[in-house]
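This report concerns only the one structure given below.
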Amino acid sequence: MNWETVIGLEIHAQLKTESKIFSASSTAYGAEPNTQANEVDLALPGVLPVLNKTALEYAVRFGLAIDAEIHHFSAFDRKNYFYPDLPKGYQTSQLFHPTVGKGHIDIELENGETKRIGVTRAHLEEDAGKSVHDAYQGMSGIDLNRAGTPLIEIVSEPDLRSPAEAVAYLRKIYAIVRYLDINDGNLQEGSFRCDINVSIRPQGQEAFGTRTEIKNVNSFRFVEKAAEYEIERQIDVLESGGKITQETRLYDSDKNVTRSMRSKEEANDYRYFPCPDLLPIIIDDNYIESIRAQLPELPDQRKMRFVEELGLSTYDADILTSERELANFFEDVVKAADGETKLSANWVITEVLGLLNKEDKSIADSPVTTQQLGSMIKRIKDNTISSKIAKQVFNAMLDSEDNADTIIEREGLKQVTDSGAIEALVDEVIANNPQQVENYRNADESKRPKMLGFFVGQIMKASKGKANPQQVNELLLKKL
């Protein structure tokens with residue numbers, strides 16, 4: 001049977017506030033366990049929460065960025081359940097009246113087409129604490145530092161039809177929250193993670209199949225692998241005559257499997273009811289428009305500008321705008337290179353990103369500064385060095401803070417552009433290779449370009465790579 005996959009994501013993005021959503025406790029990562037949870041985070045008797053206004057602003061900022069409805073009235077609810085890392089016995093969230101309603105984003109598919117993915121809602125809520133299972137022999141510990149940390153939960157429509165689409169959507173949301181500067185983007189610390197809802201149905205069937213939810217996946221690669229495994233598992237179950245159980249599952253990245261965690265609770269199991277300690281949020285158009293006026297240039301807008309104003313290909317612009325820091329790095333290189341865009345794009349994508357990807361590092365860890373790279377690109381552009389020599393300059397920059405001019409001078413790498421000196425090298429190579437010259441002159445026109453490479457190689461070798469390749473080619477063709 002042909003099966004169709006249906007995927008929806010629930011993304012939890014930790015908001016980049018200095019304090020928690022309902023208290024003044026710090027949200028800084030890495031503090032000693034249980035040192036950043038106060039009476040409000042623990043819901044001790046008699047305490048009252050107060051909404052963090054920056055968290056609300058960040059939620060609205062996100063909603064505007066995805067062209068979503070911003071509700072003038074929103075309110076908090078209590079989601080009641082017992083778990084050791086939830087000291088209140090409930091989580092404060094927004095079920096009935098979220099701040100951000102329906103919106104959408106557009107993703108690029110592998111075939112180059114654009115697909116619109118609906119966003120159902122993005123609601124504010126508080127994070128729970130953390131259970132630690134590997135610190136004590138035979139016991140678990142509870143760290144409540146994270147309890148009360150502000151989140152927005154971004155719920156997609158079930159519009160995704162493959163793991164690749166799910167990853168493209170996740171990357172796009174990730175880029176947006178980073179461009180907005182409302183999330184620090186640190187996947188390892190759990191500040192951007194998602195739950196994956198997966199179901200399958202026979203091709204052409206309108207009704208959805210029974211779905212499973214894979215909890216707390218915090219890597220783009222793991223999202224793809226977890227979804228792929230779960231799709232195959234569900235197909236195997238159905239094709240062997242079984243039924244899919246609606247349940248919550250965990251992804252084991254070491255074994256690349258999903259495992260059952262618990263049967264899926266329905267919403268009414270949580271006994272949601274309006275939070276009696278928090279007033280509803282009322283915002284007006286002036287508030288919304290004041291936030292809209294502060295929105296930065298977003299990924300799609302920046303990509304369009306890179307294509308239309310800087311003359312980059314769509315492919316290059318897509319890579320360079322995938323992260324805000326990378327786009328900033330590229331634009332700083334262009335500025336340092338006196339506006340040379342295409343060479344800057346090639347060097348950033350091929351050399352800088354190539355190097356960082358090998359070492360699994362981010363652009364913030366670049367061993368070459370934007371000023372260094374820009375200074376080198378200027379020297380390629382004015383023919384001081386060739387692209388081949390530039391590789392030597394680039395490699396020298398990896399272990400030095402020197403700019404291109406200093407390295408070129410110190411290493412004697414300046415390109416030979418003296419036509420008299422190059423002509424002498426051409427004459428010498430032609431004189432030393434009479435048989436190759438005769439073969440070239442007797443060859444068909446179609447074979448000559450390949451044969452020309454022999455002479456070019458000999459001349460470049462004699463000049464230690466410093467001869468201007470364009471001048472070499474022009475003089476060679478003339479002489480031959």
Side-chain angles (χ1 to χ4, degrees), residues 1-13 66-68 101-122 153-176 192-253 255-267 300 318 322:
M1 184 179 288
N2 290 325
W3 298 96
E4 181 182 46
T5 301
V6 177
I7 298 175
L9 297 186
E10 297 170 17
I11 299 169
H12 297 83
I66 63 165
D67 198 24
K102 287 187 177 297
H104 61 82
I105 66 161
D106 296 327
I107 62 170
E108 297 279 334
L109 302 182
E110 291 174 324
N111 62 5
E113 293 179 7
T114 299
K115 180 176 179 179
R116 177 155 290 186
I117 307 299
V119 174
T120 311
R121 56 196 278 134
E153 181 173 340
I154 305 155
V155 183
S156 81
E157 295 285 341
D159 293 342
L160 302 160
R161 293 292 174 267
S162 71
E165 285 186 17
V167 172
Y169 169 81
L170 188 64
R171 285 189 182 278
K172 191 65 170 285
I173 294 287
Y174 180 80
I176 290 170
F192 187 87
R193 58 193 192 269
C194 79
D195 303 336
I196 317 165
N197 291 291
V198 180
S199 66
I200 59 170
R201 61 186 177 187
Q203 200 80 39
Q205 177 178 301
E206 194 171 332
F208 292 130
T210 302
R211 66 183 170 89
T212 59
E213 181 182 36
I214 307 167
K215 295 289 285 186
N216 286 331
V217 186
N218 68 340
S219 133
F220 301 117
R221 187 165 62 93
F222 291 165
V223 164
E224 188 163 27
K225 285 182 167 294
E228 285 172 350
Y229 176 86
E230 184 59 18
I231 291 163
E232 289 301 316
R233 187 192 72 83
Q234 291 190 19
I235 290 173
D236 287 345
V237 169
L238 292 176
E239 290 190 346
S240 61
K243 288 185 177 180
I244 303 299
T245 303
Q246 184 170 337
E247 61 183 348
T248 300
R249 299 179 70 85
L250 289 176
Y251 175 64
D252 184 333
S253 58
K255 298 178 180 176
N256 190 34
V257 297
T258 63
R259 291 184 280 104
S260 181
M261 181 181 172
R262 59 177 180 264
S263 62
K264 180 65 181 172
E265 309 92 338
E266 295 300 330
D300 286 348
D318 197 41
S322 60

Quick one: ring-ring contact (aromatic ring centres under 6.0 Å, His included) partners of Y251, sequence neighbours excluded?
F222
Listing request: all ring pair (Phe, Tyr, Trp, His ring centres under 6.0 Å) pairs with a residue in residues 225-245, at least two apart in sequence or in separate chains.
none
Starting from the C-alpha separation in whole Å, work towards a yes-or-no answer on side-chain contact (heavy atoms from CB on, under 4.5 Å) for I7 and Y169.
CA-CA 11 Å; I7 298 175; Y169 169 81; over 6 Å; no
Quick one: side-chain hydrogen bond (donor to acceptor under 3.5 Å, both in side chains) partners of [X], sequence neighbours excluded?
X    : result
D159 : none
K172 : D300
R116 : H104, D106
E228 : none

Has S156 got a side-chain atom pairing as donor or acceptor with L9's backbone, closer than 3.5 angstrom?
yes
T120: which of E10, K102, E157 passes side chain to side chain donor-acceptor pair (under 3.5 Å)
E157
Residues in side chain to side chain contact (heavy atoms under 4.5 Å, CB included) contact with [X], at least two apart in sequence or another chain:
X    : value
P158 : V6, F208
E110 : A164
T212 : V198, E230, R233, Q234, I244, E247, R249
N2   : Q203

Just jot down the salt bridge (charged side-chain N to carboxylate O under 4.0 Å, His left out) partners of D252, sequence neighbours excluded, or say none.
R259
Which residues pass the salt bridge (charged side-chain N to carboxylate O under 4.0 Å, His left out) test with R193, not counting sequence neighbours?
D127
Look at the rings of Y174 and F220 and say which category their plane angle falls in: under 30° parallel, 30 to 60° tilted, over 60° perpendicular.
perpendicular
